[in-house]
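Here the structure comes first, spelled out in structure tokens, and everything after it is commentary.
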Amino acid sequence: MPYYRSVGEIPRKRHTQFRRPDGGLYAEELMGQQGFSSDSSLLYHRHLPTAIVAAEEHSPPAWSRVPNLPLKPRHLRTHKLDPGGGRDAVLGRAHLLANDDCRISYAVADQPSPLYRNAIGDECLYLEAGAARVESTFGVLEAGAGDYVIIPTSVIHRIVPVGDDPLRMLVIEATGHIGPPRRYLSARGQFLEHAPYCERDLRGPSEPLLVDGTDVEVYVQHRRGWTRFTYADHPFDVVGWDGCLYPWAFSIDDFEPITGRVHQPPPVHQTFEGPNFVVCSFVPRKVDYHPQAIPVPYNHHNTDSDEMLFYTGGNYEARRGSGIEQGSISLHPSGFTHGPQPGAPERAIGVDFFDELAVMVDTFRPLDLAEGALACEDPGYAWTWAAREDR
Ligand SMILES: [Fe+2]
């Protein structure tokens with residue numbers, strides 16, 4: 001995270017005596033990235049954050065991935081996945097697409113997740129529908145439809161659906177850190193004037209949770225597998241913390257689109273960067289206003305990227321006639337030239353506003369298909385540009 005935050009009680013100087021009302025010392029926990037050479041936060045626990053009483057190997061639901069062969073553009077209808085009730089947003093994820101840098105999943109949840117720590121990398125949650133309370137050692141984040149929530153690596157948290165409707169989420173699990181694009185930040189991390197969002201648009205936890213409890217299970221996802229720890233005391237026993245590393249939320253509705261006289265390329269939509277991938281937001285906006293402009297994208301071949309687009313609201317003009325619907329995902333891989341569906345450029349001429357909402361993940365290595373993708377694929381999508389009547 002680019003800026004400093006302080007929540008709850010902390011002592012005047014770091015690494016000095018800070019005592020509980022009973023006279024004992026609070027236990028410090030420094031969470032820091034890149035070998036004590038990047039962002040960190042210092043948390044103060046009532047109990048030792050090191051005290052585990054059991055560790056058991058855990059087998060998550062099996063999954064596997066296959067290459068996108070034959071190489072094709074793909075259309076996944078996530079709403080056709082039928083996860084049933086009784087699932088949570090961590091262990092109940094349907095894995096869709098993956099490479100060695102990230103894994104993209106879809107979750108429909110109506111149950112609280114267990115306490116969970118992803119020790120592999122940051123997670124970016126995008127809430128398509130429903131609402132959630134994301135509880136962590138840092139406090140609470142309330143999130144609703146349209147919110148991105150970034151959970152830094154190894155933050156112990158749980159996701160609790162709130163309200164009557166199930167929580168629907170796109171999940172991007174990275175193998176490193178996710179943050180704002182570097183080009184939008186000053187040398188000291190402040191958002192620059194040309195950034196499409198800034199500090200005022202970000203939300204962080206504002207007060208500690210102060211949960212008491214003993215023998216608390218935490219599921220840990222590690223590069224070598226999963227383990228279920230039992231902690232002697234509840235990890236959410238933090239009385240205060242400060243620093244620049246914490247879970248945070250940002251609403252896609254606060255992304256200010258960058259527009260132009262002629263069609264702007266996808267980097268104007270970039271919202272986050274991760275290891276070997278970027279996340280972009282396509283939001284309702286005034287479109288290209290040159291008198292001769294064609295507002296939809298031109299056919300293009302993004303030679304070094306696979307492009308995944310999650311359609312999460314409005315109407316995506318360039319895809320009309322392709323079967324794309326709410327909750328759809330398109331995958332346009334490198335090695336394939338893609339563009340608007342037939343007729344879309346003509347239809348778009350003279351239009352001055354697009355009511356579309358979509359989240360894009362462009363990866364710099366090919367995305368494989370996981371079982372969840374194969375289970376909800378629309379097999380006709382690859383042929384929709386040819387518009388043959390006999391297909
Ligand atoms: Fe594209």
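In this text the structure is predicted, and so the values were computed from the model without any measurement. Ligands are counted one by one from 1 in listed order, and the atoms in each one are counted from 1 as well.
Between R65 and D100 a salt bridge is recorded (basic side-chain N to carboxylate O distance below 4.0 Å). For R93 and E173, the salt-bridge test passes: some basic side-chain N is under 4.0 Å from an acidic carboxylate O.
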If you look only at distance, which donor and acceptor atoms sit under 3.5 Å apart when one is on a side chain in residues 343-357 and the other is two or more places apart or in another chain?
from: E356; atom 1: OE2; to: R285; atom 2: NH1; distance (Å): 2.9
from: E356; atom 1: OE2; to: R285; atom 2: NH2; distance (Å): 2.9

Table please: side-chain donor-acceptor pairs of residues 289-300 below 3.5 Å, with sequence neighbours left out.
from: H290; atom 1: ND1; to: Q292; atom 2: N; distance (Å): 2.8
from: H300; atom 1: ND1; to: Y298; atom 2: O; distance (Å): 2.7
from: H300; atom 1: NE2; to: H338; atom 2: NE2; distance (Å): 2.8

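Legend: residues meeting ring-ring contact (aromatic ring centres under 6.0 Å, His included) with F310, ordered by chain and number and at least two apart, are absent.
A donor-acceptor contact shorter than 3.5 Å is absent between the side chain of R203 and the backbone of A249.
Around the Fe ion (ligand 1), the protein contributes the following N, O or S atoms under 2.8 Å, ordered by chain and number: H300 NE2, E307 OE1, H338 NE2.
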